[in-house]
Amino acid sequence: MSSIKPIAVILLIFLSASGCADVKASRDHPMVSRYAGSEIISYQTSEFDEFGLITSKVKNYGGLSKNRDSTIGLEGRVTRIRYKLPEGVSTIAAYRNFEQALLGAGFESIYSCTNVDCGGRNFNHAVVPYMGGFSENYEDQRYLAAKLARNRGDVFVAIYVVRNYSEGGPNRNRIFAQVDVVEKAAMKTDMVTVDANAMEQAIAEQGRIALYGLYFDTGKANIKPASQPTIGEIAKLLTQQPKLALIVVGHTDSQGSLQYNLGLSKQRAQAVKQALVDQHGIAASRLWAYGVGYLVPVASNRQEEGRVQNRRVELVER
């Protein structure tokens, strides 16, 4: 299905001009333009990442990690843009413009809410990171999650509009908007191939090897089908080396609490062990599963490039 018409509809409704005050290297997403006169104050994009889309009232305080039941896990190209809107705009005016543009472009509303119906302060802390203009503002907030079905991959958009009443100065009572766009697509999995021989060599030289060919559902320990080639190579290694015993160690990035990530990383390591036992007949006594969460990073968790490297499974010789 062509996306030319939806893009045109959105751009015509917003009549957006480029913002001279935008942060460096930022731009509007081609499928969701800005409210006219807005400026970009924050811009982030990742070619492939996971994203928790809020689809129901947030009941617990503590961010998305405490509200898994309120979200659906998505994976794909993720773009997050935050805007400061011009003076004199209300949250309802901004929200209706975004809503009209998205629905007119063929998006279907998944969930929408206002103020306390969203979950009040709990929602505010879950939908945006702590930053000026957005944080601790939950008495005048509006949210919309929408989906556009496409043959080449669905697109999900989350719009969060809020009035800043928690700060003084020139930004008091200004409207801020966060636009999250997730374009679902398969991650390129053929970029690095680690076979049994490469695993054997690395373990012989370093006592361990980090694997990035094991994929899981967002926030879960379900092994994705794309992981099977790597699982097969681990089984091949163990078959070729009948005396080799391995510790399977799960690692995560720092998104969410330490306790949550410790549990998730161990569950993922256990899932890899179980796949080797059930699918390839490897003796369970040759495998141990442990999780260390984000306690052993190989890169900074401040940027997505580092978080990608930290999400891994390692094989350690016992």
Side-chain angles (χ1 to χ4, degrees), residues 44-52 73-78 153 182-238 240-241 244 246-256 260-277 279-280 282 287-318:
Q44 299 166 295
T45 185
S46 173
E47 285 299 321
F48 191 88
D49 200 357
E50 52 188 9
F51 183 88
L74 303 175
E75 293 182 350
R77 179 180 175 85
V78 179
V182 183
E183 301 165 77
K184 292 195 69 176
M187 183 176 67
K188 295 180 180 180
T189 58
D190 57 351
M191 300 182 70
V192 179
T193 301
V194 180
D195 60 17
N197 292 332
M199 294 180 193
E200 180 183 356
Q201 181 178 349
I203 290 174
E205 295 176 355
Q206 304 172 24
R208 54 175 284 279
I209 185 171
L211 301 177
Y212 293 91
L214 296 168
Y215 310 106
F216 302 88
D217 287 331
T218 303
K220 298 180 181 179
N222 304 83
I223 300 177
K224 288 181 171 293
S227 305
Q228 292 309 313
T230 299
I231 294 289
E233 290 298 320
I234 301 173
K236 183 178 178 181
L237 167 67
L238 289 164
Q240 292 174 349
Q241 303 287 327
L244 180 65
L246 296 172
I247 304 172
V248 183
V249 185
H251 297 258
T252 67
D253 61 28
S254 63
Q255 305 297 296
Y260 170 79
N261 280 288
L262 286 172
L264 179 62
S265 59
K266 183 174 182 178
Q267 291 168 15
R268 288 178 170 178
Q270 182 63 40
V272 173
K273 172 185 175 179
Q274 206 60 46
L276 291 167
V277 173
Q279 299 172 20
H280 297 276
I282 304 299
L287 299 167
W288 289 261
Y290 289 90
V292 296
Y294 54 76
L295 293 179
V296 191
V298 294
S300 171
N301 277 301
R302 295 183 181 183
Q303 293 83 34
E304 173 55 23
E305 291 80 4
R307 292 194 291 270
V308 169
Q309 296 179 60
N310 291 332
R311 295 192 293 265
R312 67 198 189 278
V313 171
E314 292 194 1
L315 303 180
V316 179
E317 184 177 18
R318 189 179 188 282

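The structure presented is a predicted model; accordingly, all values stated were derived computationally and were not measured.
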Taken to the nearest 0.5 Å, the spacing of K224 NZ from F216 CZ works out to 10.5 Å
Check your understanding: Is there a side-chain contact between T230 and V194, using heavy atoms and a 4.5 Å cut-off?
Key -> no
Taking C-beta and beyond as the side chain, do V249 and V313 meet within less than 4.5 Å on heavy atoms? no
Quick note, side-chain hydrogen bond (donor to acceptor under 3.5 Å, both in side chains) partners involving residues 261-276, not counting sequence neighbours, are T252-N261, Q270-Q274, Q274-D278
Those residues at least two apart in sequence (or on a different chain) that pass side chain to side chain contact (heavy atoms under 4.5 Å, CB included) with V182 are F51, L74, V78, F156
Contacts of V296 meeting side chain to side chain contact (heavy atoms under 4.5 Å, CB included) (sequence neighbours excluded), chain-then-number -> H251, V292, R312
>> Could you check whether any side-chain heavy atom of R311 comes within less than 4.5 Å of a side-chain heavy atom of D49, counting everything from C-beta outward?
In response: yes
For E200, the side chain to side chain donor-acceptor pair (under 3.5 Å) test, sequence neighbours excluded, returns Q241
dist I231:CD1 -> I223:CD1 (nearest 0.5 Å) comes out at 4.5 Å
Would you mind writing out the side-chain donor-acceptor pairs for residues 201-211 within the sub-3.5 Å range, not counting sequence neighbours?
from, atom 1, to, atom 2, distance (Å)
Q201, NE2, E205, OE2, 3.3
R208, NE, E314, OE1, 3.0
R208, NH2, E314, OE1, 3.4
R208, NH2, E314, OE2, 2.7

In terms of heavy-atom contacts, I247 and Y290 come closest through CG2-CD1, 3.6 Å
Residues Q255 and D253: closest non-hydrogen pair is N-OD1, 3.0 Å
*side-chain contact (heavy atoms from CB on, under 4.5 Å) assessment of K236 paired with D195*: CA-CA 9 Å; K236 183 178 178 181; D195 60 17; over 6 Å; no
Check: Can you tell me if N310 uses its side chain to pair, donor with acceptor, with the backbone of A299 under 3.5 Å?
Finding: yes
Residues A221 and A271: closest non-hydrogen pair is O-CB, 3.4 Å
Scanning both residues in full, the closest heavy-atom pair of A226 with Y215 reads CB-CD1, 3.7 Å
- Message: Is the shortest side-chain heavy-atom distance between H280 and I234 below 4.5 Å?
- Response: no
In short, E233 meets A196 closest at the heavy-atom pair OE1-N, 2.7 Å
To the nearest 0.5 Å, atom CG of L315 lies from atom CG of L214 at 8.0 Å
Do the side chains of Q279 and Q228 get nearer than 4.5 Å, heavy atoms only? yes
Sequence neighbours excluded, the answer for side chain to side chain contact (heavy atoms under 4.5 Å, CB included) partners of L295 is L258, L262
